[in-house]
Amino acid sequence: MKRQWKDKKLKDLVWTCATTTTVRHFEKALVELKKFKVEAHDWLIQIPPAHWARSHFSGRAHTNILLNNLCGVLNGKIQGGRDKPIIYCLEYIREYLMKRICNVQREIDRCHGPLTPTATSLLDQMKRQAQKNRCIFNGVKTQVTTHWGDQFIVNLDEKTCTCRHWEITGMLFSYAISAIWDKIKHGAKNVPVLEHWVHPCYWLVTWAKVGRPKKKRKRAYDEPATQWHKLSKRWTTVTCGKCNNKGHNSRTCKGQGGPNDKRTEETGG
């Protein structure tokens, strides 16, 4: 797109399409883009929105990142080994990861709180914004009105909001925080603290977990154990497939023979 159309306003319109979190606002932004330049609109809609627009993110990854900055960070960190032979490059990456694991562990040891430092900072920002919102509860859902007049519906039971920030990122947005505060204000008991409503991927205990992931598929609760666990042969007697005698197998058979020897029966010897 940058090669075909070099226009600041067009760039801003595309970013509006990409950063909106609801399908309704996404479609509205597309209409504005089409009014400005039909060719750019027709080119853009050929790309599935799930690849570039937050409004179509499923929420499975719990992130709203649109850029490939992570790739840039990785390339910058392995710059000292990229131009070397592959074995040296892999060794360089291994040593870097060893150092990083130690650095991260030291950072974890310094942290105090239910959430990671970055998540704590984001939640504090949302708390300040939530103080300006106004709530009305209807018995199931909460209508949240911002100080500039926009309205959103929060369902705390399903952990959803019509802004979709909560579903996409797993992090509480200001509207959900306002709904939780309103629930506590009106006497609801046993309401969890704000940090509990945040997805576990942002918890400090999750960050602190280390170890290699399991490779074996987890067995379903209703699957028989024998499908996934080998039965022990301890205390069982092995029968040879050659001579049909017990106490050894066909690989270790040395022609011991005996009353059960198949070859003796077949030859009559």
Side-chain angles (χ1 to χ4, degrees), residues 13-31 33 44-74 104 113-130 133 135 137-138 140-146 150-183 191-209 213-214 217-218 220-221:
L13 289 172
V14 172
W15 271 104
T16 301
C17 295
T19 56
T20 55
T21 56
T22 64
V23 175
R24 180 170 63 89
H25 288 96
F26 170 78
E27 293 175 347
K28 181 179 178 181
L30 274 182
V31 171
L33 176 63
L44 188 62
I45 61 175
Q46 300 301 316
I47 307 172
H51 297 319
W52 61 275
R54 287 175 181 166
S55 57
H56 290 72
F57 285 4
S58 66
R60 180 181 61 85
H62 303 299
T63 182
N64 60 1
I65 293 178
L66 296 170
L67 305 175
N68 62 344
N69 289 351
L70 290 175
C71 300
V73 172
L74 175 62
V104 170
L115 302 181
T116 65
T118 301
T120 300
S121 177
L122 290 173
L123 188 62
D124 289 341
Q125 294 179 28
M126 293 299 104
K127 288 178 182 178
R128 290 192 290 270
Q129 295 181 21
N133 299 333
C135 299
F137 183 59
N138 71 352
V140 178
K141 302 177 181 179
T142 304
Q143 174 185 291
V144 181
T145 305
T146 66
D150 289 343
Q151 291 183 346
F152 301 91
I153 306 300
V154 178
N155 188 326
L156 294 180
D157 293 334
E158 298 180 358
K159 294 184 177 181
T160 59
C161 178
T162 52
C163 74
R164 293 196 70 242
H165 281 283
W166 199 359
E167 296 97 300
I168 293 174
T169 65
M171 171 60 67
L172 284 178
F173 210 62
S174 61
Y175 318 127
I177 294 175
S178 299
I180 295 171
W181 282 348
D182 184 72
K183 188 174 183 178
V191 179
V193 295
L194 287 179
E195 290 78 7
H196 177 82
W197 298 87
V198 177
H199 191 273
C201 68
Y202 297 100
W203 294 356
L204 186 61
V205 292
T206 304
W207 194 28
K209 288 180 179 179
K214 295 181 179 179
R217 186 174 72 87
K218 291 184 178 180
Y221 74 95

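Count residues from 1 along the sequence. These numbers come from a predicted model, not from an experiment.
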Distance (rounded to the nearest 0.5 Å) between [X] [atom1] and [Y] [atom2]:
{"X": "E167", "Y": "E158", "atom1": "CD", "atom2": "CD", "answer": "9.5 Å"}
{"X": "K141", "Y": "L156", "atom1": "NZ", "atom2": "CG", "answer": "11.5 Å"}
{"X": "T162", "Y": "Q143", "atom1": "OG1", "atom2": "CD", "answer": "9.5 Å"}
{"X": "F57", "Y": "R164", "atom1": "CZ", "atom2": "CZ", "answer": "10.0 Å"}
{"X": "R54", "Y": "I168", "atom1": "CZ", "atom2": "CD1", "answer": "8.0 Å"}
{"X": "I45", "Y": "C17", "atom1": "CD1", "atom2": "SG", "answer": "11.0 Å"}

- Report the residues that fulfil side-chain contact (heavy atoms from CB on, under 4.5 Å) with N68, sequence neighbours left out, ordered by chain and then residue number.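 Partners of N68 by the side-chain contact (heavy atoms from CB on, under 4.5 Å) criterion, ordered by chain and then number, come out as C71.
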
Practice task
Can you spot which of L122, L204, L123, L194 makes a side-chain contact (heavy atoms from CB on, under 4.5 Å) with L115?
Solution key: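 So, applying the side-chain contact (heavy atoms from CB on, under 4.5 Å) to L115 and each of L122, L204, L123, L194, only L123 qualifies.
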
Side chain to side chain donor-acceptor pair (under 3.5 Å) filter on H56, not counting sequence neighbours, yields none

message: Under the rule for side chain to side chain donor-acceptor pair (under 3.5 Å), what residues qualify as partners of D150, not counting sequence neighbours?
response: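 Checked D150 against side chain to side chain donor-acceptor pair (under 3.5 Å); matches are W148.
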
Any heavy-atom pair between the side chains of W166 and V198 that's under 4.5 Å?
no

Heavy-atom count check: over 12 atoms from other residues, nucleotides or ligands less than 6.0 Å from K127 NZ?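 Yes, NZ of K127 has more than 12 neighbouring heavy atoms, counting only those of other groups under 6.0 Å.
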
Under 3.5 Å, side-chain donor or acceptor atoms of residues 169-179 against the rest of the protein: list the pairs with distances, not counting sequence neighbours.
from, atom 1, to, atom 2, distance (Å)
T169, OG1, H165, O, 2.8
T169, OG1, M171, N, 3.1
S178, OG, A130, O, 3.1
S178, OG, N133, ND2, 3.0
S178, OG, S174, O, 3.0

Quick note, side chain to side chain donor-acceptor pair (under 3.5 Å) partners involving residues 15-30, not counting sequence neighbours, are T22-H25

Quiz item: Hey, is the main chain of T116 close enough, under 3.5 Å, to the side chain of T120 for a donor-acceptor pair?
Solution: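 Such a contact is found between T120 side chain and T116 backbone.
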
Notebook entry, point to check: Got a donor-acceptor contact below 3.5 angstrom from the T142 side chain to the C135 backbone?
Noted result: no

- Test W197 against K159 for side-chain contact (heavy atoms from CB on, under 4.5 Å), laying out the working first. CA-CA 8 Å; W197 298 87; K159 294 184 177 181; 4.1 Å; yes

Contacts of W52 that satisfy ring-ring contact (aromatic ring centres under 6.0 Å, His included) - sequence neighbours left out:
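Partners of W52 by the ring-ring contact (aromatic ring centres under 6.0 Å, His included) criterion, ordered by chain and then number, come out as F26.
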
